[in-house]
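These notes are about the structure you will find just below.
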Amino acid sequence: GAVSRAPRWAIAHKFPAERIETVLESIDIQVGRTGVLTPVARLTPVNVGGVIVSNASLHNEDEIKRKDIHIGDTVVIQRAGDVIPQVVEVITHKRSQLNKPYKFPTSCPSCGRESIRLEGEAARRCLGGLACKDQAVERLKHFVSRNAIDIDGLGEKQIQLFWDEGFISSPGDIFKLRDRRTDLEKKAGLGKRSVGNILNAIEKSRTIKLERLIYGLGIPQIGQATARLLAMNFGTLDKLRLTLINAVDKQSTDYHDLV
């Protein structure tokens, strides 16, 4: 069979990835659109397969403990699939007594709110929701992305600028930007033409397929394939919304339809 992105019956043979030693200088925490706190290794830049690598995801706190990663360690890195940088292992015999174990934060580095880790999950999540700046900005970026609402000209740079300037704080604010046209045209890097193009793209995006809207909302566990199934099954946003409201009652037929 096949999943939404690839067939299950196909395999790929690849050459072993090149492995290089470097130093893990620090670990930063990135906050994703669903609130997941992801540790990112900041590495001494090194050439791996023709690409300069200075960052690598460490995935979660369990991965840091499993690999026994300390700040300042000499580590072996590779580009998984010749694309994604990853820390393979720590060279422990090169570890100094000054290299300290990393303590994963229990509060969000963006908004300072508490983070929790649910039983059975590897990820730790910030509870701030849209009140957390990093979550809000990442959700807005996802909302306008190509597979979601797909607003041409409104990319990550513009979303960050509009957030910083207070023009938008939620997806609905994007469709009110036409009322701020004069303010937008005064910002550095924007002019009448570029602002006009963005506003025209926003107007065109008011009519889209339901599956793209569902995906653009960034609901956890709802990817493109699931969004498509929901759209096909319910047909309209009003029907889906009513079903979700009724599904709060786990004894209802709507709950069992969704499950």
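Source: prediction; values computed, not measured.
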Query raised in the report: If you link I, L, V, M, F, W and Y whenever their side-chain heavy atoms are under 4.5 Å apart, who else ends up in the same group as Leu130?
Result: none

Report summary line: residues 39-58 vs salt bridge (charged side-chain N to carboxylate O under 4.0 Å, His left out), sequence neighbours excluded, gives Asp28-Arg42

Query raised in the report: Is there any ring-ring contact (aromatic ring centres under 6.0 Å, His included) pair reaching into residues 20-66, and which pairs are they, with sequence neighbours excluded?
Result: none

Query raised in the report: Is there any salt bridge (charged side-chain N to carboxylate O under 4.0 Å, His left out) pair reaching into residues 237-259, and which pairs are they, with sequence neighbours excluded?
Result: none

Query - Test salt bridge (charged side-chain N to carboxylate O under 4.0 Å, His left out) applied to Arg139 - qualifying residues, sequence neighbours left out - result: none

Query - Residues that Asp68 engages under salt bridge (charged side-chain N to carboxylate O under 4.0 Å, His left out), provided they are two or more places apart - result: Arg95

Query - Residue pairs, two or more places apart or on separate chains, that pass salt bridge (charged side-chain N to carboxylate O under 4.0 Å, His left out) and touch residues 163-178 - result: Lys133-Asp164, Glu165-Lys187, Arg178-Glu203

**Report entry** Test salt bridge (charged side-chain N to carboxylate O under 4.0 Å, His left out) applied to Glu156 - qualifying residues, sequence neighbours left out
**Finding:** none

Between side-chain atoms of residues 210-223 and protein atoms elsewhere (two or more places apart, or another chain), which donor-acceptor pairs fall under 3.5 Å?
from: Glu211; atom 1: OE2; to: Arg228; atom 2: NE; distance (Å): 3.4
from: Arg212; atom 1: NE; to: Ala148; atom 2: O; distance (Å): 2.9
from: Arg212; atom 1: NH2; to: Arg146; atom 2: O; distance (Å): 2.7
from: Arg212; atom 1: NH2; to: Ala148; atom 2: O; distance (Å): 3.2

Query raised in the report: Taking the hydrophobic residues Ile, Leu, Val, Met, Phe, Trp and Tyr, and joining any pair whose side-chain heavy atoms are under 4.5 Å apart, which ones share a cluster with Trp9?
Result: none

For residues 192-201, which side-chain donor-acceptor pairs fall under 3.5 Å, sequence neighbours excluded?
from: Ser194; atom 1: OG; to: Gly191; atom 2: N; distance (Å): 2.9
from: Ser194; atom 1: OG; to: Gly191; atom 2: O; distance (Å): 3.2
from: Asn197; atom 1: ND2; to: Arg193; atom 2: O; distance (Å): 3.4
from: Asn200; atom 1: ND2; to: Gly196; atom 2: O; distance (Å): 3.1

Requested in this report: Kindly write out the residues that satisfy salt bridge (charged side-chain N to carboxylate O under 4.0 Å, His left out) with Glu61, not counting sequence neighbours, or none if the list is empty.
Outcome: Arg117, Arg124

